[in-house]
Amino acid sequence: MIFITWNVNSITARQSHVEQLLESYEPDIFCMQETKIIDDKFPREMFTQRGYEVEIYGEKSYNGVAIASKEALSGVTRGFKVEIAAGSRRLIAGEIGDLKVLNIYIPNGQAVGSEKYYYKLEWICALKKHIEENYKPSDQLVVCGDFNIAPEDIDVYRPQEWNGAIMASAEERKHLNDIKDWGFIDVFRSHHDEGGLYTWWDYQRGAFRRNAGFRIDHVWATQPLADKCAGVIVAREMRELERPSDHAPVVAEFEL
DNA sequence: ATGGTGGATGGTCCA
């Protein structure tokens, strides 16, 4: 089973790239973030024409998440049960048989100490509560998406220069790690122990050319599912295309 | 120190 998560940075701007990704990898499940479009305007046909079902939760201009899958999702939920302040469309979940999928777009947080940073922390706390109330560590659960956090210094280009700034600060890392401790394995990291492997590069200053990136897009699996993970890669070639997303897809294979 | 880029939008905001 091929599983992909990708922050597309606008589904309309990235339509041809998404088509290329679907043709290259033929994912069974494809989770998207930052679709940036209201549900009525989402290009569903791109998926339905290729035999995918698609579940969406979008808004105008910002945020927005979606899941395309060869088999239809059941039990689809959108957002937290009780939305927190400034609730935005950043979470969609569903199930295929025994497999549970939770696709998230954690707020960026702008800068450590800013209002948006505290919203980011609050959102992560709400996510933890949501997971505790709706899942068990013994479930076959995958949580994926743009977490906007590089979990460790190894996930950051020149961490000494970044020095605890946004996406790498101790407080957001701790909040995220509290969720991981509930029962997740970072399956990319369990298959790769080296540094220099990133999923996001700033559009500015030739960051991709210099591999000045961050590993902020993740696939986390509970132990029963992580045991079935055969491999995880970053599809860097999607970042090399003309007018790319600033993120590259993360592709995981599970033997289900 | 600043600005550099990109998407949605039609001002700026967000990343």
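When reading the values below, keep in mind they use all heavy atoms of this one structure, side chains included, and skip hydrogens, waters and symmetry mates. Here is how names work: the chains are called A, B, and so on, in the same order as the sequence lines, proteins then strands, and each is numbered from 1.
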Would you kindly compare Gln204(A) and Pro107(A) by the position of their nearest DNA chain B nucleotide and give the one closer to the 5′ end?
Gln204(A)

Steps toward ring-ring contact (aromatic ring centres under 6.0 Å, His included) verdict (Phe80(A), Trp123(A))
CA-CA 10 Å; Phe80(A) 298 122; Trp123(A) 200 94; 5.0 Å; yes

At under 4.0 Å between heavy atoms, what does Tyr105(A) touch on the DNA or RNA strands: base, sugar-phosphate, or nothing?
sugar-phosphate

Between dA15(B) and dT9(B) - C1' atom distance, rounded Å
15 Å

So which one's nearest nucleotide on DNA chain B is more toward 5', Lys116(A) or Asn9(A)?
Asn9(A)

Euclidean distance for C1', dC14(B) against dG10(B) (whole angstrom)
16 Å

For a side-chain contact (heavy atoms from CB on, under 4.5 Å) check, start with the C-alpha distance between Arg89(A) and Tyr57(A), then their side-chain angles and the critical distance, and finish with the verdict.
CA-CA 6 Å; Arg89(A) 298 186 165 196; Tyr57(A) 188 46; 3.4 Å; yes

Using the rule given for side-chain contact (heavy atoms from CB on, under 4.5 Å), can you reason through Phe30(A) versus Val18(A), listing the C-alpha separation, both sets of side-chain angles and the distance that settles it, and then say yes or no?
CA-CA 10 Å; Phe30(A) 174 37; Val18(A) 168; 3.7 Å; yes

What verdict does the side-chain contact (heavy atoms from CB on, under 4.5 Å) test give for Phe3(A) and Cys144(A), after you've listed the backbone C-alpha separation in whole Å, the side-chain angles of each residue and the deciding distance to 0.1 Å?
CA-CA 10 Å; Phe3(A) 182 96; Cys144(A) 75; 3.6 Å; yes

Among Val142(A), Leu73(A), Leu99(A), Thr5(A), side chain to side chain contact (heavy atoms under 4.5 Å, CB included) partner for Ile29(A):
Leu99(A)

Need two values: the first and the last nucleotide of DNA chain B, 5' to 3', having an atom under 4.0 Å from any heavy-atom of chain A.
dG4(B) to dA15(B)

Set of side chain to side chain contact (heavy atoms under 4.5 Å, CB included) partners for Tyr135(A), sequence neighbours left out
Ala93(A), Lys100(A), Leu102(A), His130(A), Ile131(A), Asp139(A), Leu141(A), Trp182(A)

